[in-house]
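Read through the structure below, which is laid out as C-alpha cells, and then see the notes.
Quick note on labels: first sequence line is chain A, next is B, and so on, each numbered from 1. Keep in mind that this is a model prediction, so the values were computed, not measured.
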There are 2 protein chains.
Amino acid sequence: MEWHSTFARSLIVDDPGPRPPGGVRADARRSRARLLAAARTAFAADGVEASFNEIARRAGVGPATLYRHFPRREDLIAAVVGESLDEVTALAGDLLTCTDPVAALRQWITALVDHIRRVRGLADEIARALAVPDSTLGRHCTATLAAARALVTRLQRSDRLRPGLTSDDLVTMATAIAWATDHGAPGDPDARADHLIDMLLHGAVR
Amino acid sequence: MEWHSTFARSLIVDDPGPRPPGGVRADARRSRARLLAAARTAFAADGVEASFNEIARRAGVGPATLYRHFPRREDLIAAVVGESLDEVTALAGDLLTCTDPVAALRQWITALVDHIRRVRGLADEIARALAVPDSTLGRHCTATLAAARALVTRLQRSDRLRPGLTSDDLVTMATAIAWATDHGAPGDPDARADHLIDMLLHGAVR
DNA sequence: ACCTGAACACCGTTCAAGT
DNA sequence: ACCTGAACACCGTTCAAGT
C-alpha cells in the first residue's frame with residue numbers, strides 16, 4: 001500500500017529537488033537555519049514573546065513556513081534554548097563529584113537561574129513545560145528534573161536536605177527566582193538572584 | 001483666568017447633565033461601575049490579560065470609554081484588586097499583636113500569596129508595580145511593603161530573621177511563589193503554595 | 001464632560017496556490 | 001516536500017464627531 005502511493009506519485013510529481021543524506025531538502029534546511037537565527041535575535045531583543053510574523057519576515061520566509069518548521073511557539077523556543085538548557089542539565093552530572101553536596105546544589109541552581117534569566121519571559125515557558133512533559137520544551141525539562149534528582153538524592157543521603165522536599169520543589173523555586181529577578185527591579189539582578197538563592201537554601205527565619 | 005474660561009464655556013456649552021456631590025457626572029459613574037463589573041468577570045475568567053475591547057463590549061460602552069476611565073491596563077487592575085490587596089496590607093497590622101513573630105509572618109505571607117493567586121497573571125503585574133512605585137497599582141504595593149516592614153522589624157528585634165534579608169526580599173519571594181503555583185502544575189495548588197512557603201521560611205538545606 | 005463607534009496598525013494563524 | 005503571500009479574525013489604541 002505504502003509502496004503503491006509512493007510509486008504513483010513518482011510518476012506524476014516533479015522532481016522535489018536535491019536531498020542531503022539527512023533526508024531533508026536543501027531549501028528546508030536553509031529556511032530552518034534562517035528562522036533559528038532570526039528567532040535568536042528576536043528573543044534576545046524582545047524576549048520569548050517576540051512577534052512570529054516579524055521573525056518570519058526577518059528570516060526572509062513566509063509566516064506559514066515558520067509554522068511548518070515550528071508549529072507551536074514552544075517548539076521554536078525549545079530549538080533556540082534547548083541546547084544550552086541541556087548544558088545546565090549536564091552540569092548537574094559533573095557536580096556529583098563535588099565534595100560538598102550543598103555547594104554542588106548551590107552552584108547548579110545558580111547556573112539554572114542564570115540560564116533562564118538570559119531570555120526574557122523564558123521562566124513562564126519553563127514553568128509551563130514542567131507541567132506538560134510531553135512537549136518539545138517539556139522533554140528538555142524532564143531531563144533537567146532527572147539531573148536535579150541525582151543532586152538531591154545525594155543531599156538526602158548525607159542528611160543535608162530538609163525532609164519533605166523534592167527535586168521538583170527546588171527546580172520550581174529556581175524558576176521562580178529567575179522570574180522574580182527578570183522584572184526590572186532596581187539594582188544588579190545577578191546579585192539579587194544570588195541573594196534570593198541564599199534565602200531559598202538557608203531560609204528566611206530561624 | 002480660570003474664571004474667565006469657565007464663564008465663557010458656561011455661555012456656550014449645553015447643560016452637561018446632573019452632577020452628584022462627588023463632582024462626577026451620573027453617566028460617568030454608571031460607565032465606571034459597569035466597566036468594573038465587566039472587568040471583574042473577565043479577569044476571573046481569562047486572567048489579567050483579558051481583552052480590553054471585550055470588557056468594554058460586555059460593559060456596553062465603547063472602547064474609548066474604557067480608556068478614558070482607565071488609561072493603562074494597570075489602572076483597571078488596581079481598581080479591581082486594589083481594595084482586597086489593601087485588606088492584606090491591613091492584616092499585617094493586626095498580626096503585630098500575634099505572640100509568635102514567625103507565625104505572624106507565615107500567616108501574612110500565606111494571605112498575600114493566596115490573594116495574588118486569586119487572579120491569573122496578577123503576579124506579573126504586582127512584580128512590575130513593585131519596581132514602579134509611582135503608579136496606580138504601585139501605590140498599593142508601596143503600602144503593602146511598608147506593612148511587611150513592620151512584621152520584619154519585629155522578627156529582627158527578636159533575632160529570628162536571617163541577617164541580610166529585607167522585607168522586599170520576602171514580598172518578592174511571596175510573589176514568586178504565587179507565580180509558581182499559578183501554572184497548572186498537577187496537584188492541589190493551595191497545598192503546593194503552603195509547601196513552598198515552608199521551604200522559603202526554613203530553607204532547603206541544613 | 002463624557003460617550004460613540006469607526007478606524008489604524010498590528011498580531012497569531014490558516015489557506016489555496018504554486019514549484 | 002516545501003514555500004508563498006494573501007487572507008481571517010482578533011487585538012490594543014486613538015480619532016473626529018456627537019450630546
Item to check | Which atom of A:Ala123 lies closest to which atom of A:Thr175, heavy atoms considered | outcome: O-CG2, 3.6 Å

Next on the checklist: Please report the distance, rounded to the nearest Å, between CZ in A:Arg32 and C1' in D:dC2.
Outcome noted: 14 Å

Checklist entry - Looking at A:Arg68, does any N or O in its side chain come under 4.0 Å of the phosphate oxygens OP1/OP2 on D:dC2? => result yes

Checklist entry - Whom does D:dC11 pair with, Watson-Crick or G-U wobble, provided both distances fall under 3.5 Å? => result none

Checklist entry - Base, sugar-phosphate, or nothing for B:Tyr67, non-hydrogen atoms under 4.0 angstrom? => result base

Checklist entry - How long is the line joining CZ of A:Phe52 and P of D:dA9, in whole Å? => result 22 Å

Item to check | Separation of atom CG in A:Leu76 from atom P in C:dG12, rounded to whole Å | outcome: 11 Å

Checklist entry - What is the distance, rounded to the nearest whole Å, between atom CZ of A:Arg25 and atom P of D:dC3? => result 7 Å

Checklist entry - Does C:dC3 pair with anything, Watson-Crick or G-U wobble, both distances under 3.5 Å, and if so, with which nucleotide? => result none

Next on the checklist: Does a side-chain N or O of A:Thr65 approach OP1 or OP2 of D:dC2 to a distance below 4.0 Å, or not?
Outcome noted: no

Next on the checklist: Nearest whole Å is fine: how far is D:dC2 C1' from A:Arg34 CZ?
Outcome noted: 15 Å

Item to check | Between C:dG12 (P) and A:Arg57 (CZ): distance, integer Å | outcome: 13 Å

Checklist entry - Less than 4.5 Å apart, any side-chain heavy atom of A:Phe43 and any of A:Leu76? => result yes

Checklist outcome for this item: Atom CD of B:Glu49 and atom P of C:dC11 are separated, to the nearest Å, by 16 Å

Item to check | Whichever of A:Ser51 and B:Ala64 has its nearest DNA chain C nucleotide further upstream toward 5' | outcome: B:Ala64

Next on the checklist: Pair B:Asp169, B:Thr166 - check side-chain hydrogen bond (donor to acceptor under 3.5 Å, both in side chains), show working.
Outcome noted: CA-CA 5 Å; B:Asp169 294 331; B:Thr166 67; 3.2 Å; yes

Item to check | Nucleotide paired to D:dA17 in any strand shown, Watson-Crick or G-U, under 3.5 Å | outcome: none

Checklist entry - Of A:Val61 and A:Asn53, whose nearest nucleotide on DNA chain D comes first from the 5' end? => result A:Val61

Item to check | N or O in side chain of B:His69 less than 4.0 angstrom from C:dC2 OP1/OP2 | outcome: no

Checklist entry - Any side-chain heavy-atom pair from B:Ile177 and B:Arg192 closer than 4.5 angstrom? => result no

Next on the checklist: Using a 4.0 Å heavy-atom cut-off, does B:Ala56 contact any base of the nucleic acid, only the sugar-phosphate backbone, or nothing at all?
Outcome noted: nothing

Checklist entry - Given that A:Glu54 and B:Pro63 both sit by DNA chain C, which one's nearest nucleotide is further toward the 5' end? => result B:Pro63

Item to check | Distance, rounded to the nearest Å, where A:Leu66 contributes CG and C:dG12 contributes P | outcome: 9 Å

Item to check | Salt bridge flag under 4.0 Å for residues B:Asp194 and B:Arg106 | outcome: yes

